[in-house]
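Written below as structure tokens is the structure these notes are about.
In what follows, chains carry the letters A, B, and so on, assigned in the order in which the sequence lines appear, proteins first and then strands, with residues in each chain numbered from 1. Because only heavy atoms are used, hydrogens play no part in the values below, and waters and symmetry mates are left out as well, while side chains stay in.
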Amino acid sequence: MERVSIEEAMSRLGEEVTIAGWVSRVRDIGNIKFILLRDITGEIQITLKPGEAEPSLWELKLGREDVISVTGKARASEIAHRGFEFIPERISVLNRSKQPLPLDVSGHVKAELETRLNYRFMDLRTPRTRAIFKIQHELLVAFRRFLTERGYIEIQPPCIISSASEGGAELFKIPYFEKEAYLAQSPQLYKQMCAISLEKVYTVVPVWRAEKFNTPTHLNEVRQMDVEQAFADDEDVMKVLEETLAYMLDNVKRRCSKEFDTLGRTIEVPHLPLRRISYGEAIELLRSSGEEIRWGDDFTKSQETRLTSLLGEEAFFIKDWPSTLKPFYAMPHQDNPELVHAFDLIYGGIEVSSGTQRIHHPELLISQLIKKGLDPESFTHYIECFSYGAPPHAGWSIGLERLTMAVTGMSNIRECCMFPRDRDRLVP
RNA sequence: GCCCUGGUAGUAUAGUCCGGUCCAGUAUGCUCGGCUGUCACCCGAGCGGUCCCGGGUUCAAAUCCCGGCCAGGGCGCCA
């Protein structure tokens, strides 16, 4: 089948071409009939007029979402709203759609998120959902391009791991021949192993958390965009992070203007450097605004939103966290070991990224593990990496779905994951 | 795991507070008919509902009560 896109057909007026797509709508006015045909590039009106169209074409009964191919010619038309119409010679039905449809693809009749997720394949035909995932795609493309151009290489960490090597989060246990294995909660160990030899690395990987959370900002399977860099401290990688974010936002702003229109949204690329406040300052700021929060508490979602408005910043860093709130491998401050070289990036009121400078000395790592109540014995492999010339290094991780939420303005993370996995949802 | 709110044709929603006039209304959809330029075409007729499931109260339950399941939100958990 020699098929051209609808977009291309509109640039080849008067030429016989074959287009194919989904029937969005049929308007039968009596002796004249319009079929609105949609493909991924756009929509065109197919016009059937007496004297112009083969009589056999009139007998075709077409329903919404039927898939057809049409051979004919596009022409400019002042009467058609889009300025073009398509005069068919032949129409063939490639596949019929059952009726009625489980949701309105045109987006005029609302459907609940649950219904949309149950019929996600079809929800992906709605302008709104398409816009979200086009934006997500452009974020990813920009992430990879920015880092690749700066000499980072993409690494491929395993997703099946041998043990809960980092403690903390609950993992999904899976059988692995005669052993037990787990789905990775993070590529942490692997990106560090790569960075201490390859210096500048990044990865995009799915990770799994077995917590039974049930919130609009958590999923049990998410995708992380990670960077790890040798000869770098927390400040160095914060700079990389803000530059990466600005690059991604600029890219998406330029390439997705149509999609942002669809979502009724405008975005601004924040000016660099982003504001940096310490954990302690954030606590003080919240307390002075009447929030009840104590040193050592983590910020709730609403407190993160509060901070965003108190600071008047769309994006900012919170750094210098208490070691109790961050993982064991976070590098403690030399002058105050209660604080670690760790940071969170808040964007659009959502924690989209966090990172740390990592401990690269085995002895310090062991003492931090003990402080956290973890057994250094079970981290032997991890600790060993730093015994053979491991440079200082640091890194961070952006949650792809979280970032997409912030950029698209969605309030439920499930909107930003094509096939979300949560406490109750395992299909489709 | 806890708290709040909800579950009504394919989809979305009204009705629930204060039980009867609701054998459930509206929009959209679907089917059929009419219409020569529509733009979510229009007009007419029709179709489509175990009112989430189970139990209870009552002469009478979509409506009140109890339990369950599911959904949305808030919390907890989330190195």
Side-chain angles (χ1 to χ4, degrees), chain A residues 24-36 43-53 58 61 63-65 77-85 87 97-119 122-123 126-127 164-171 184-189 207-220 222 297-303 305 321 323-330 340 342 351 354-356 358-359 368-369 371-374 379 382 397 399 402 411-415 422-425:
Chain A
S24 288
R25 205 168 272 279
V26 178
R27 282 192 278 269
D28 186 347
I29 311 296
N31 241 333
I32 188 163
K33 203 176 198 174
F34 304 100
I35 301 162
L36 207 53
E43 258 181 345
I44 195 166
Q45 173 174 291
I46 294 163
T47 305
L48 269 67
K49 263 170 101 165
E52 255 185 2
W58 289 92
K61 293 268 179 196
R64 285 179 159 205
E65 297 306 300
S77 162
E78 284 182 12
I79 320 170
H81 260 198
R82 281 152 216 261
F84 297 98
E85 62 184 348
I87 309 304
S97 171
K98 262 182 17 182
Q99 304 289 343
L101 306 173
L103 51 88
D104 176 21
V105 173
S106 71
H108 290 112
V109 178
K110 277 182 302 187
E112 286 192 352
L113 182 57
E114 194 198 359
T115 308
R116 291 172 39 215
L117 291 177
N118 286 341
Y119 292 93
M122 201 148 206
D123 183 50
T126 66
S165 57
E166 294 162 44
E170 290 182 51
L171 307 191
Q185 87 205 80
S186 158
Q188 184 62 34
L189 167 56
V207 298
W208 296 269
R209 311 274 164 105
E211 266 79 25
K212 292 175 177 173
F213 29 54
N214 185 14
T215 87
T217 47
H218 290 85
L219 291 173
N220 293 290
V222 295
D297 289 346
D298 204 347
F299 305 106
T300 65
K301 213 185 324 167
S302 63
Q303 286 165 342
T305 312
W321 287 69
S323 85
T324 50
L325 289 177
K326 290 292 174 184
F328 68 87
Y329 51 73
V340 289
E351 181 196 325
S354 64
T356 57
R358 330 294 192 188
I359 297 173
Q368 288 298 103
L369 280 165
K371 260 195 199 165
K372 288 260 179 190
L374 297 164
F379 293 84
Y382 182 69
S397 171
R402 288 263 183 104
S411 52
N412 190 316
I413 196 165
R414 279 154 260 250
E415 297 271 10
D422 63 29
R423 181 76 184 88
D424 294 293
R425 182 176 288 278

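With A:R82 contributing its side chain and A:I44 its backbone, the two residues share no donor-acceptor pair below 3.5 Å. The backbone N or O of A:L219 sits nowhere less than 3.5 Å from a side-chain atom of A:R209 that would complete a donor-acceptor pair. Side-chain atoms of A:K372 come within 3.5 Å of backbone N or O of A:S323 as a donor-acceptor pair.
We find that A:K212 and A:E170 are not joined by a salt bridge, their nearest charged nitrogen and carboxylate oxygen being 4.0 Å or further apart.
When the C1' atom is compared between B:rC66 and B:rU28, the two are found 37 Å apart, to the nearest whole Å. Nucleotides B:rC43 and B:rG54, compared at atom C1', are 47 Å apart to the nearest Å. For B:rA14 and B:rC4, the C1' atoms lie 23 Å apart once the distance is rounded to whole Å. Only the P atoms considered, B:rC2 is 30 Å distant from B:rA62, to the nearest whole Å. As rounded to the nearest Å, B:rG25 and B:rG48 have P atoms that lie 12 Å from one another. Straight-line distance between the C1' atoms of B:rA61 and B:rA24: roughly 13 Å, to the nearest whole Å. B:rC52 and B:rC17 have their P atoms separated by 15 Å, given to the nearest Å.
Following rounding to the nearest Å, A:L48 (CG) and B:rC39 (P) show an atom-to-atom distance of 18 Å. Distance A:D298 CG to B:rC78 C1': 9 Å, rounded to the nearest Å. The distance between atom CG of A:L117 and atom P of B:rG72, rounded to the nearest whole Å, is 8 Å. Whole-Å rounding puts the A:E170 CD to B:rG76 P distance at 16 Å. Separating the CG atom of A:L101 from the P atom of B:rU28 is a distance of 16 Å, rounded to the nearest angstrom. Atom NZ of A:K326 is separated from atom P of B:rC78 by 13 Å (rounded to the nearest Å). Atom CZ in A:R82 sits roughly 12 Å away from atom C1' in B:rU38 (whole-Å rounding). Taking atom CZ of A:R423 as the reference point, atom P of B:rC70 lies 9 Å away to the nearest angstrom.
Using a 4.5 Å heavy-atom cutoff, the side chains of A:I413 and A:H218 are not in contact.
Within 3.5 Å, no donor on the side chain of A:E114 pairs with an acceptor on the base of B:rG72, nor the reverse. For B:rA79, its base sits under 3.5 Å from the side chain of A:S186 at one donor and acceptor pair at least.
Listed nucleotides B:rC75, B:rU11, B:rG76 differ in distance to A:K301; the shortest reach to its side chain belongs to B:rC75. Here the nucleotide nearest the side chain of A:K110, chosen from B:rA79, B:rG74, B:rA12, is B:rA12. For A:P327, counting side-chain heavy atoms from C-beta on, the closest listed nucleotide (B:rG74, B:rA12, B:rA79) is B:rA79. Out of B:rC30, B:rU11, B:rA79, the shortest distance to the side chain of A:A111 is found at B:rU11. Here the side chain of A:R414 is nearest to one of B:rG29, B:rG76, B:rG72, namely B:rG72. Among B:rU13, B:rC75, B:rC39, the nucleotide with an atom closest to any side-chain atom of A:Q45 is B:rC39. Checking B:rU38, B:rA40, B:rA12 against the side-chain heavy atoms of A:T115 singles out B:rA12 as nearest. Checked against B:rC39, B:rC78, B:rC30, the side chain of A:R209 finds its nearest nucleotide in B:rC78. Of the candidate nucleotides B:rA79, B:rC35, B:rG37, B:rG37 has the atom lying nearest to any side-chain atom of A:K49.
Contact annotation: A:R25 reaches the phosphate of B:rG29 (side-chain N/O to OP1 or OP2, under 4.0 Å). For the pair A:N412 and B:rG73, the criterion of a side-chain N or O lying under 4.0 Å from OP1 or OP2 is met. Applying the 4.0 Å criterion to OP1 and OP2 of B:rG76, one finds that A:T215 has every side-chain N and O outside that range.
Across all strands shown, B:rC70 forms a Watson-Crick or G-U wobble pair with B:rG6, both key distances being under 3.5 Å. Taking a pair to require two hydrogen-bonding distances under 3.5 Å in either a Watson-Crick or a G-U wobble arrangement, B:rG25 pairs with B:rU13. With a cut-off of 3.5 Å on both Watson-Crick or G-U wobble distances, the partner of B:rA40 is given as none. Base pairing of B:rA62 is not made with any nucleotide, judged by Watson-Crick or G-U wobble geometry with both donor-acceptor distances under 3.5 Å. Under the Watson-Crick or G-U wobble criterion, with both distances below 3.5 Å, B:rG1 is paired with B:rC75. The partner of B:rC30, taking Watson-Crick or G-U wobble pairs whose two distances both stay under 3.5 Å, is B:rG46. Summarising the base pairing, B:rC35 is matched to no nucleotide, lacking a Watson-Crick or G-U wobble pair whose two defining distances lie under 3.5 Å.
Using a 4.0 Å heavy-atom distance criterion, A:A80 is classed as a base contact. Among the heavy atoms of the strands lying under 4.0 Å from A:E112 are primed sugar atoms or P, OP1, OP2 only; no base atom is included. A:D424 comes within 4.0 angstrom of the backbone, heavy atoms only, and of no base. Residue A:I29 is classed as a base contact, given a heavy-atom separation below 4.0 Å to a base. Residue A:S106 is out of contact with every strand shown, counting any heavy-atom pair closer than 4.0 Å.
Each of A:G63 and A:I32 lies near RNA chain B, and the nucleotide nearest A:G63 is the one positioned closer to the 5' end. Heavy-atom nearest nucleotides on RNA chain B were determined for A:V109 and for A:K61, and the one closer to the 5' end corresponds to A:V109.
Note that OG of A:S354 is 12.0 Å distant from CG of A:L325, once rounded to the nearest 0.5 Å. For the atom pair CZ of A:F34 and CG of A:L48, the computed distance is 9.5 Å after rounding to the nearest 0.5 Å.
The distance between the ring centers of A:Y329 and A:F379 does not fall below 6.0 angstrom.
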| query | Which is it for A:R64 and A:D104 under the side chain to side chain contact (heavy atoms under 4.5 Å, CB included) test, yes or no, and what are the steps along the way? | reply | CA-CA 10 Å; A:R64 285 179 159 205; A:D104 176 21; 3.3 Å; yes

